[in-house]
**Student:** 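Handing you a structure now.
Atom set for the values below is all heavy atoms of this structure, side chains included, hydrogens, waters and symmetry mates excluded.
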Amino acid sequence: MATEIEGLDEVLAKFQQLGDPRKSKNAATRSARKAMNIVKKDAIANAKALDDAASPERIWKNITVKASRSKDKGVIVMKVGVKGGARQYVNTKRNRREGRAGQTYQTAGDKSNPGGDTWYWRMVELGTAHSAAAPFLRPALYNNLSNVQSTFTDAFSIELDKEIDKL
C-alpha cells in the first residue's frame, strides 16, 4: 500500500530557501506551541469540570504548554502538563554514580503556582488503588489529534513564509 503526501515539494523548497536549519526549527516550535494550545484549552475545560469547589487549589490554572528538549537532533517536543510535576536530577558526580542523573522525580508541588499546590493531579488523571481515574489531559489530546495536526500544518506554512520574508 503506497501513501502519497501532497505539498511536500513546496515545504522542501521553503527549507532550501531558508538555508539555516535554526530558522525552520524556530518556525516549527512556534507552530507546535500554537497547535498544542488547542489541547491546553480542552484540558482546562476538562479540569474545570473536575475541580472541587470546596478546595482552594485549581488544577486548571496550573495547566501549561512547554517546549522540551529531545535527544534526537532536529526534533521538536511540545508538552501540555500541570505545573508542579516532575523535576530532573542534576548531572552531578553523585547522581551519575547512583545512576539517576537525567531521570525525573516527583515533587510535592508549589503553593506559589497560579492554581495553588496541585501535587495530586496525577492521582486524578491516573487514579489510585482507592479512587478511579478521571483523566482530563489524555482525552484533551486524543479528541483533538486531527485538529492539532491541521493547525500545525497551516501554522508551519505561515511561519516558514514569515521566516522567508525576513531574508
Side-chain angles (χ1 to χ4, degrees), residues 3 5-8 10-15 17-18 20-52 55 57-89 102-127 133-166:
T3 303
I5 301 173
E6 295 180 20
L8 191 57
E10 181 182 326
V11 173
L12 291 174
K14 288 180 181 182
F15 281 150
Q17 269 186 300
L18 280 175
D20 187 2
R22 288 179 296 179
K23 292 182 180 181
S24 59
K25 186 175 180 182
N26 290 341
T29 302
R30 288 190 300 271
S31 302
R33 183 175 302 279
K34 187 177 283 186
M36 291 307 283
N37 276 331
I38 295 168
V39 175
K40 176 186 173 185
K41 186 177 179 181
D42 198 25
I44 287 172
N46 294 344
K48 279 183 178 180
L50 294 173
D51 265 340
D52 182 11
S55 172
E57 284 84 22
R58 300 286 175 249
I59 294 173
W60 65 270
K61 286 186 176 181
N62 288 343
I63 295 175
T64 184
V65 176
K66 178 183 175 186
S68 185
R69 292 186 178 169
S70 173
K71 293 178 182 177
D72 299 329
K73 189 175 182 177
V75 174
I76 306 297
V77 178
M78 198 63 61
K79 298 177 180 180
V80 176
V82 180
K83 289 181 181 177
R87 296 217 169 107
Q88 283 192 329
Y89 283 103
Q103 293 181 354
T104 59
Y105 61 95
Q106 291 183 10
T107 64
D110 190 358
K111 291 181 190 261
S112 66
N113 286 338
D117 189 5
T118 55
W119 58 271
Y120 57 87
W121 73 269
R122 281 187 181 86
M123 294 180 210
V124 174
E125 176 75 14
L126 304 172
F136 57 93
L137 282 176
R138 292 175 290 165
L141 175 63
Y142 298 141
N143 295 338
N144 292 300
L145 274 178
S146 62
N147 197 7
V148 167
Q149 290 172 342
S150 64
T151 300
F152 175 79
T153 304
D154 297 340
F156 190 49
S157 179
I158 292 168
E159 291 294 334
L160 283 176
D161 290 338
K162 286 180 185 177
E163 289 293 333
I164 290 170
D165 290 343
K166 290 179 186 177

**Student:** Measuring from Lys162:NZ to Ile164:CD1, what's the distance to the nearest 0.5 Å?
**Tutor:**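 So the NZ of Lys162 and the CD1 of Ile164 are separated by 13.0 Å.
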
**Student:** Check whether any side-chain N or O of Asp117 sits under 3.5 Å from a backbone N or O of Glu57 as a donor-acceptor pair, and report yes or no.
**Tutor:**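 No, Asp117 side chain to Glu57 backbone: no donor-acceptor pair under 3.5 Å.
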
**Student:** Can you list the residues that meet the side-chain contact (heavy atoms from CB on, under 4.5 Å) rule with Lys61, with sequence neighbours excluded?
**Tutor:**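 If we apply the side-chain contact (heavy atoms from CB on, under 4.5 Å) test to Lys61, skipping adjacent residues, the hits are Arg58, Pro114.
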
**Student:** Would you compute the distance between atom CD of Glu125 and atom CZ of Phe136 and round it to the nearest 0.5 angstrom?
**Tutor:**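 Going from the CD atom of Glu125 to the CZ atom of Phe136 covers 5.0 Å.
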
**Student:** Test your reading of the model: is there a side-chain donor-acceptor pair from Asn62 to the backbone of Gly116, 3.5 Å cut-off?
**Tutor:** yes

**Student:** Give, for atom CZ of Arg33 and atom NZ of Lys79, the distance between the pair rounded to the nearest 0.5 Å.
**Tutor:** 12.5 Å

**Student:** Ignoring hydrogens and angles, tell me if any N or O in the side chain of Ser31 forms a donor-acceptor pair with the backbone of Phe156 under 3.5 Å.
**Tutor:** yes

**Student:** Using side-chain heavy atoms (C-beta onward) and a distance below 4.5 Å, is Leu137 in contact with Val82?
**Tutor:**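 With C-beta onward as the side chain, the pair touches.
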
**Student:** To the closest 0.5 Å, what do you measure between CG (Leu141) and CD1 (Ile38)?
**Tutor:** 11.0 Å

**Student:** Under a 3.5 Å threshold, yes or no: a donor from one side chain and an acceptor from the other, between Ser157 and Lys14?
**Tutor:**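 Side-chain D/A pair, Ser157 to Lys14: present.
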
**Student:** What's the separation between atom CG in Asp52 and atom CD1 in Ile59, rounded to the nearest 0.5 Å?
**Tutor:**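 Spacing of CG (Asp52) from CD1 (Ile59) equals 10.0 Å.
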
**Student:** Using the side-chain contact (heavy atoms from CB on, under 4.5 Å) criterion, which residues pair with Asn26? Sequence neighbours excluded.
**Tutor:** Arg30

**Student:** If the condition is side-chain hydrogen bond (donor to acceptor under 3.5 Å, both in side chains), which residues does Ser150 pass it with, not counting sequence neighbours?
**Tutor:**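 Ser150: no side-chain hydrogen bond (donor to acceptor under 3.5 Å, both in side chains) contacts found.
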
